[in-house]
Amino acid sequence: MSSSKVRVATWSIGFLALSIAAVCTSANDAPAAGAPYQVKDGNKVDAKTLDGWKTWRALACERCHGAQQEGLVGPALVESLKKLSKEDFHTTIMNGRPEKGMPPFSGSAMVNKNWEGLYAYLKGRSDGKIQPGHLYPME
Amino acid sequence: MKRQQRLILLVAASSTVTLASAADVEQAMSKSSNWAAQAGDYANHRYSELKQINASNVGRMQVAWTMSTGVLRGHEGSPLVIGDTMYIHTPFPNNVFAVNLKDQSYKWKYEPKQDTSVVPVMCCDTVNRGLAYGDGKILLQQADTTLVALDANTGKVLWSAKNGDPKIGETNTNAPHVFKDTVITGISGGEFGVRGRLIAYDLATGKKKWTAWSTGPDKEILLDPAKTMTWTNGKMAPVGADSSIKTWKGDQWKLGGGTTWGWYAYDPKLNLVYYGSGNPGTWNPSQRPGDNKWSMTIFARDLNTGMAKWVYQMTPHDEWDYDGVNEMLLIDVNIKGQKVPAVVHFDRNGFGYTLNRDTGELLVAEKYDPTVNWATKVDMKTGRPIVDKKYSPGTTGPDVNVKDICPAALGTKDQQPASYDRKSGMVMVPTNHVCMTYEPFQVEYTAGQPFVGATLTMYPTPGSHGGMGNFIAWDPAQGKIMWSKPERFSVWSGALTTAGDVVFYGTLEGYIKAVSPKDGKELWKFKTPSGIIGNVFTYEYGGKQYVGVYSGIGGWAGIGMAAGLTESTEGLGAVGGYKDLAKYTTLGGSLFVFGLPDNTGSATTALK
């Protein structure tokens, strides 16, 4: 284990799940009409969004974009998703931004299968409706 | 002064041409005034014959001099001392300073230009475990996988070699090791799907001699199916054909991990190199069925050819990230009245192993922390751990959070090397006392991206003394803890034992401590400005013994743990754990050197 930040990053997902839950209020819980995700209590989401989060986690996106999508080496997705269209999101994740250090993910089976769920998840994060950290199925 | 330097240069220039290099490092190590290798010797003893500082006067030890390294972040390893020169190294960007011990002025500085894009792939743990010396050269293994040989007298680059590719997550944190006329180095990146290997270079020229992979086809691992032996049903037997490949699904061995970033050892009599390999690729065990050989394995290899004489896998099919890279101590142990040439190893998995280092026979495998629970014991016939299903993330499967596994992923001990007390035959071991929750999940490989697949939380061992570490004395013949001194935090600093009946080690709060090897009683301590994850070393200059250590917190324990436990999820008594570290220390980067006060009233400045 010489690369400890990986571990730090993965742990942080774990502990953020509960710590943030305590801070967030559920008052503004309901997603806007037409939102691509469904969420309850901030951390229970529909199956598609859940797969999106699992893809986020599996590809370790937090390493560059931050455990709370707040941005690290890569941009803050909580901000980017306010402007980025679904189409542009798709292009970006598939082709990457090699000049800025983001690899293309078109070779990833998970991304190909779940990219819409990932978009939904990040949109929910950007809208402030989905909490950072661990997510669970709605049922 | 200048004339003197020129003279040294001349001597050095001629010596590189005429002298056989093999003698050089051994000669340097044989003088107890030097600290010519990271462990002081080939055998990883971390023991010094110096005894001017001893149990009765160590209480009077004081700061002799200090020096800033100019770099924050974790300072692992230690300086080297050869003659009147000390060689200091830093974490990334891996600067090297040659310091004149006479007046602590710099003889030369080497400041490599490294692409900073390597840092994200190392991911914050920018530690470097130190330099090696041999044949009038200082060897530096840079983070960017460049191995550099510097002229010890001038700092001039004599040769360099590239042993990896940071673009696919390959980096280095290990110290290179010089064994006779060969430099051995390894690779880091077990969390990036890197395929581990040990690499040997010719010390004189930098020409690659051999590469020995941890996983894959026999001829790439340098295994002889008929001659390489392993412990099988209570005896040694040949590993047979394809011993690695058949324990992996498909070609997963290509991302197989088994990295090699620890402390290696060498037995000149047997001409064997000893080291361990790290975790198999992805922390989600369900995704890589099989024993995943030869990750988590102790290797004994011929120095000249790299061929493995024997192998022993400690943790088949890892489910906990218990890398097998910790140091190999070469000790002759009395077992049932017989003196056995042994290799003693304290694994991350919490078992202290003693094997015959000539044959590879398994002699002892016992827990060196009684709270280790992932396995009930090691079956001495098969050599395999008996895994407790309750603590097996591979059994419960992905997306299930397994709780209270002891030890945590950082092991009952990580890289912090132990010290062998040649007088008592006991080993002084710095340890962690930390447990974890572990939730594996499905992960996909993308080159240069993390290949982890587990979420962890860590906390002090529940129902124990509340601290996260112990410093223990271990009997390698019986596999027994002789005494155990609790510590508030993991002891992440390498120990040193001396003929003066003193054991030294550092703590994460920043104390350097001297204790008695007999019972662990504290004899002296001093608080340095930052947490200590470096290794204590000693040398003699001008007739006086000195003890030194780096002060500079970081590494896995220093950064990772502090972050993890500030917001610990499980409510398992993390209060007083790593969260407290911020109360005691902060980042730093300095070298501290201690000595006894000078009774004649001359010199030492620190007292006045």
Distance, nearest 0.5 Å, that separates CD of B/Q449 from SG of A/C64: 5.5 Å
B/Q442 side, atom CD; A/D51 side, atom CG - distance, nearest 0.5 Å: 11.5 Å
Flag side-chain contact, heavy atom, 4.5 Å: A/R57 against B/F441: yes
B/E439 and A/H134, any side-chain heavy atoms less than 4.5 Å apart: yes
Proximal component of B/D399, with respect to chain A [non-hydrogen, under 4.5 Å]: side chain
Close contacts, residues 79-89 of chain A versus chain B, judged by heavy atoms under 4.5 Å: none
Side-chain heavy atoms of B/E444 within contact of A/L59, under 4.5 Å: yes
